[in-house]
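Scroll down for the structure; my scribbles are underneath it.
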Amino acid sequence: MMETERLVLPPPDPLDLPLRAVELGCTGRWELRNVPGAPESTLPHGLPPCAPDLQQEAEQWFLSSPAWLPLHGLEHPARKWQRKMDPWSLLTVLGAPVPSDLQAQRQPTTGQMLGFKEVLLENTDLSATTSLSLRRPPGPISQSLWGNPTQYPFWPGGMDEPTVTELSAREEAEEEIDFEKDLLTVPPGFEKGVDFAAKAHPAPAPGLLSLSRLLEPLDLGGGDEDERAAVGQPGGTRGDTVPASPCTAPLARASSLEDLVLKEASTVVSPSEPRKPLPQEQWAIPVDVTSPVGDFYRLIPQPAFQWPFEPDVFQKQAILHLERHDSVFVAAHTSAGKTVVAEYAIALAQKHMTRTIYTSPIKALSNQKFRDFRNTFGDVGLLTGDVQLHPEASCLIMTTEILRSMLYSGSDVIRDLEWVIFDEVHYINDAERGVVWEEVLIMLPDHVSIILLSATVPNALEFADWIGRLKRRQIYVVSTAARPVPLEHYLFTGNSPKTQGELFLLLDSRGAFHTKGYYAAVEAKKERMSKHAQTFGAKQPTHQGGPAQDRGVYLSLLASLRTRAQLPVVVFTFSRGRCDEQASGLTSLDLTTSSEKSEIHLFLQRCLARLRGSDRQLPQVLHMSELLHRGLGVHHSGILPILKEIVEMLFSRGLVKVLFATETFAMGVNMPARTVVFDSMRKHDGNAFRDLLPGEYVQMAGRAGRRGLDPTGTVILLCKGRVPEMVDLHRMMTGKPSQLQSQFRLTYTMILNLLRVDALRVEDMMKRSFSEFPSRKDSKAHEQALAELTKKLGALEEPDLTGQLADLPEYYSWGEELTETRSLIQVSKGVLGGRRGRKTGGTRGAPELVPASLTLPPPSRVHIPALQRRVMESVSGLKALSAGRVVVVKSQEHHNALGVVLQVSSNSTSRVFTTLVLCDKPGSEEPQERRSAAPGVPYPEDLVGFKLFLPEGPCDHTVARLQPGDVAAITTRVLRVNGEKVLEDFSKRQQLKFKSDAGEAPSREGPRGGEWEGKDPPLAAVTAAVQELLRLAQAHPAGPPTLDPVNDLQLKDVSVVEGGLRARKLEELIWGAQCVHSPRFPAQYLKLQERRQVQKEIERLRFLLSDQSLLLLPEYHQRVEVLRTLGYVDEAGTVKLAGRVACAMSSHELLLTELMFDNALSALRPEEIAALLSGLVCQSPGDTGEQLPSTLKQGVERVRAVAKRIGEVQVACGLSQTVEEFVGELNFGLVGVVYEWARGMPFSELAGLSGTPEGLVVRCIQRLAEMCRSLRGAARLVGEPVLGAKMETAATLLRRDIVFAASLYTQ
């Protein structure tokens, strides 16, 4: 038996044991476990720090809030720490950016790696503070979302981005250089240079070669041969350039002299071919939504998003263009399904791993869209003034103002952006905030595609054309007028249970207007009024308009709708007070069942549980809860935000049966009702009462009809008083909605944000605005016309101005000035084209200046000059222009023809003079356009006088309706005429039975040898007047004596007197001109006239293409002068520190910046600062009250004083806003309320301090908190940590309780 020998093993090492030490929690307790691979700790990120970081604690105490440090006790702070000397650190330099990179080279077909190639990198030194390029490196992570006011924006799309070379060349070109004296002709190191003076050589005959012209470019003016070779080298640069002219044409290249001669001869003989006009650019492309998209699923086999229903045709058309990465403009009625297009763009961005921004005009709509899109896509974020949820999401929902701030601040979110969706684009018509839409559209980079969602507008193509030209990309317009649920419009005249059936159809679902229903409503109203008169007397008012009558009307209406199962209903009332009164008056109405009451109660309890106890007992909360239990709701801006959201959610569930709302409810998300009721068709727009516009009516009426539930929607207009006029109803219900109009205006924030970027100009922003679009859309045609006219001007022969013709230019200028001074010229067509139609004078139009291939829009009609308008509208002028006065007529059809006034209209705004005028008889000769008469040359007697029109053949007459601008002069002669008989006779002879032979024009006969050719001659009075006018014209060829405006008409206006004196001076100069005595005067005058008119048109086109034609340019210069006066920019336009601070402000930038730099806020406590700043954001006017502390009263006066100083600077710089209007924008009605709120007063007690509705108070405090945050950032930018800490404290004091309760849509 063998014994097993026991082996003696060494003791095991602790590391070899199968045990694992596990740390439990953060108490220091450990445990050994026999589980290999167990975690070392039960905490996900290890132990928390047991002590704060010393560096962070030092920064917090000594840098962020140094206010606690003693001001005078320096024994402890004045300590010194010895620093280690390191002189070598002064010699270290940061490494330069890598100038090159390695690029892989692959085989094109297989992808095999072939090697690497070194490529040079461009723009390696770009940064967010020096460049607008997308190739610049991203900024800090902390600034990736909101950007920084010191960063540059990205380059706007549609603008040519300049390179570094172009920017440097632009800076060099800005240097002032005298191109006649400062240009060098001798290169450095040379003894002699090049003589660039033009040589006068006679032009050779066609077919002959001029050797002097060939050798002229080689004339070096002497010098060494090597210098000649250096200068005459092909491709060498020349320091001077000579304008192209027939004598100094560039040397043509040819293989032989014979070829050169043939080329030159052919150039002389063959005329230049007219340039073809540019093709019409089409940026807005309408999409046909009537044709079905049968191959939709073949074109998109795997759509990015699918719905449980089949999309409509217009939705499919828009989705097809989204797949092609096109920009679209979808215009459709409310509830038509425009959100489908937005949903597909969001899904497409998630598929492409890019980002989408959805903008809305109001914050409430942003919250609602966040709830809907989050339930659909999940990865959705929300950015508002006070809420920031999931900013890293692929879809961000925000207001348009926030997107504008991100664009100006260079947010890195823009890099990954693929789509920007603009909802409710028709909100661009808003006078206050419409400019934000235009700014964002202009500033968006080129890689971002645009989706526009709007209600139906008549000028959708025009708006899309503007965006297309702006971004240089085609915009596809998908517009549909079809409604998913057709509407029927009724009039309701009932006011009691007996009359609850008085519902009259006015507009059916097919769009037919029923006059029968209108007259039935009128008769029903008249019958009730007559019964009322029999009972109470005829003098009783027809409409009491009190709460009692409103209660009767609504009880009868709602009873009728409930019987016909047409609930829920939205009642639009254009007054917050009337909404509350109407809902409160229906105390006996209960529209919910017991189960619905239970559901409403549970929902209210769950939503109100987040409020503190006292806030749940607010009167508005209790009143709204009682209304909601009975199925009633109220929705307007005076309601607390959380209550409005509760009402919206209960209404979407169908638990609110009757909702009294203002117009803002129609701006929300898709919350349709069965019926929509209008309390009235009149509203107050802030200035006066007016009828609803068709667009406003359609927007609100579109809430009627639930898709898939109701066959038709019902719209009812209440007739509490008289039935409105049929014309007004027809215009409101069937009229076209309002057009999209530009509300672009200059703001100091916009100007400062663009001035701080050298490459962007405010003028470029103004050029690209929608307001400048009508005048800028023809820029291509203007540029082509300018090139053609410049070429023609160079080809025109210079007039000979030697000898007696030396004063010919002055003579031409005198004649033009005299013509304008007398107000004898009124352009009705472009200065480029000749007048058309039958004229009574000789051919005096200028020769055609624009090539026949070029088509230009005619310039607008020039208004009547001030001098002539004053003469015609004066009492003496109107008295002189009575019946029988002989006048000189100059209009589009008549040129200096005599006429006699027959009748004067009584309309003072547009005065019309019916006048008998001499003219040629039609058909007597060849039409004037076919005659080849030479254009007339004006001599002194033509310019000083009128050179009256004399018929060349048989004399005729016509009756014309003249405007004041058509009367060239008022003569001293008066004829005795019976205007009524003359007009009656002329009208009779225009009738068919009084015409001449068949086929001829109406006979306007004239005396010819004492006989009349027509069948029915005019009256003797007409014949006598015509003969007298003809006799006057023959007796005074230069014009009969005229009434002097000063002496005869007794006009004492300074401009009239100065105009008369200037006219006399010009007449003397014209009579003394010597050029008219030269035999060459006619020919040289025509040459000069053609040249001057071409130059005038060139100047006009250059003006239209320049910045000087911008409508807002004067205001821009005025606002820049304001900024320069206040010290925000320097003389060179560079933005200074105060300007950069103003860029960080969201509103009232000048006032806030001045208050900060005047230290008006630093000495106040945080709650006092918040109270004073409420005057800048409060929208409800009111008095400050007498109970304010003295500190606040002094602060209010100081704020007003600063605002007054800014207003005075604006007035001094030329702005139209008065000082009172600027100071009047401040409302300090809620100073006491905000002050108590910041001190901690509960909202239940706060509501009793002011009569302002609770909702407006909440909105004021929310906007005030946003302003405090912007001031905090500005204080840090300036280096004011004390003020920054106070603003942070003020924002914290404001953000509490029901005012900043989280939105129900974000939970």
Side-chain angles (χ1 to χ4, degrees), residues 331-338 424 426-427 429 453-458 479-492 503-514 517-518 521 554 557-558 560-561 564 566-575 579 635-636 651 658-683 685 690-707 709-720 723-738:
H333 284 295
T334 306
S335 305
K338 299 186 291 292
E424 308 287 350
H426 51 272
Y427 206 83
N429 289 342
L453 308 179
S454 170
T456 53
V457 289
S479 180
T480 175
R483 287 188 176 276
V485 180
L487 302 180
E488 293 180 344
H489 305 258
Y490 293 86
L491 294 177
F492 181 75
L503 198 62
F504 305 96
L505 179 63
L506 194 61
L507 191 70
D508 60 19
S509 57
R510 296 172 297 178
F513 194 85
H514 293 256
Y518 175 80
Y554 281 107
L557 173 64
L558 296 176
S560 175
L561 295 178
R564 297 161 54 183
Q566 289 187 330
L567 297 179
V569 57
V570 177
V571 181
F572 284 107
T573 304
F574 307 110
S575 169
C579 276
H635 189 285
H636 56 73
F651 183 82
V658 180
L659 177 61
F660 293 92
T662 54
E663 189 176 358
T664 55
F665 183 76
M667 190 66 70
V669 293
N670 186 16
M671 288 188 179
R674 178 68 177 87
T675 307
V676 164
V677 175
F678 287 88
D679 182 74
S680 173
M681 64 176 290
R682 295 183 63 79
K683 61 172 286 188
D685 59 359
R690 60 168 175 83
D691 291 340
L692 289 177
L693 299 176
E696 297 170 341
Y697 179 82
V698 169
Q699 177 79 10
M700 289 180 277
R703 293 297 169 193
R706 298 165 296 181
R707 190 170 187 175
L709 298 177
D710 306 321
T712 59
T714 304
V715 182
I716 300 174
L717 176 61
L718 300 184
C719 301
K720 299 179 181 178
V723 179
E725 295 293 334
M726 183 189 298
V727 178
D728 298 335
L729 291 172
H730 189 272
R731 179 176 60 252
M732 181 182 69
M733 294 181 178
T734 63
K736 291 185 178 180
S738 302

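Positions are given from 1, in the same order as the sequence printed here. Note: hydrogens, waters and symmetry copies are ignored here, and every other heavy atom, side chains too, is used.
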Does the H333 side chain pair with the main chain of A481, one donor and one acceptor, at a distance under 3.5 Å? yes
Check step by step if side chain to side chain contact (heavy atoms under 4.5 Å, CB included) holds for L561 and I716. CA-CA 11 Å; L561 295 178; I716 300 174; 3.8 Å; yes
All heavy atoms of P737 vs all of T456, minimum pair found to be CG-O, 3.2 Å
Is the shortest side-chain heavy-atom distance between V715 and F678 below 4.5 Å? yes
When rounded to the nearest 0.5 Å, the distance separating OH of Y490 from OG1 of T675 is 9.5 Å
Could you go through Y518 and H730, starting from their C-alpha distance and side-chain angles, then the distance that decides it, and tell me whether this counts as side chain to side chain donor-acceptor pair (under 3.5 Å)? CA-CA 11 Å; Y518 175 80; H730 189 272; over 6 Å; no
Which distance, rounded to the nearest 0.5 Å, do you find between the CE of M733 and the CG of D728? 11.0 Å
Distance check, rounded to the nearest 0.5 Å: K683 atom NZ versus T573 atom OG1? 13.0 Å
What distance separates D508 CG from L487 CG, expressed to the nearest 0.5 Å? 11.0 Å
Name the residue from E488, H514, H489 that meets the side-chain contact (heavy atoms from CB on, under 4.5 Å) definition with L507. H489
For the student: nearest non-hydrogen atoms of A673 and D710, plus distance: O-OD2, 4.3 Å
Indicate yes or no for a side-chain donor-acceptor contact from R707 to the backbone of V485 under 3.5 Å, with no hydrogens or angles considered. no
Quick one: does L692's side chain get under 4.5 Å of F574's, heavy atoms only? yes
So do the side chains of M732 and D691 get within less than 4.5 Å of each other, counting heavy atoms only? no
To the nearest 0.5 Å, atom CZ of R682 lies from atom CG of D679 at 13.5 Å
Restricting to non-hydrogen atoms, name the atom on A666 and the atom on Q699 that form the minimum distance, rounded to 0.1 Å. O-NE2, 3.1 Å
Write down the atom of H635, the atom of L659, and the distance for their closest heavy-atom approach. CB-CD1, 4.0 Å
What are the two closest non-hydrogen atoms of M700 and F572, and how far apart are they? O-CE1, 3.5 Å
Within-4.5 Å side-chain heavy-atom neighbours: L729 and Y697: no
S738 side chain vs G695 backbone, donor-acceptor pair below 3.5 Å: no
Run V571 and Y554 through side chain to side chain contact (heavy atoms under 4.5 Å, CB included) and show every step you take. CA-CA 10 Å; V571 181; Y554 281 107; 3.4 Å; yes
When you measure from the side chain of R674 to the backbone N and O of T712, does any donor-acceptor pair fall under 3.5 Å? yes
So, for P568 and F651, which heavy atoms are closest and what is the spacing to 0.1 Å? CB-CE1, 4.1 Å
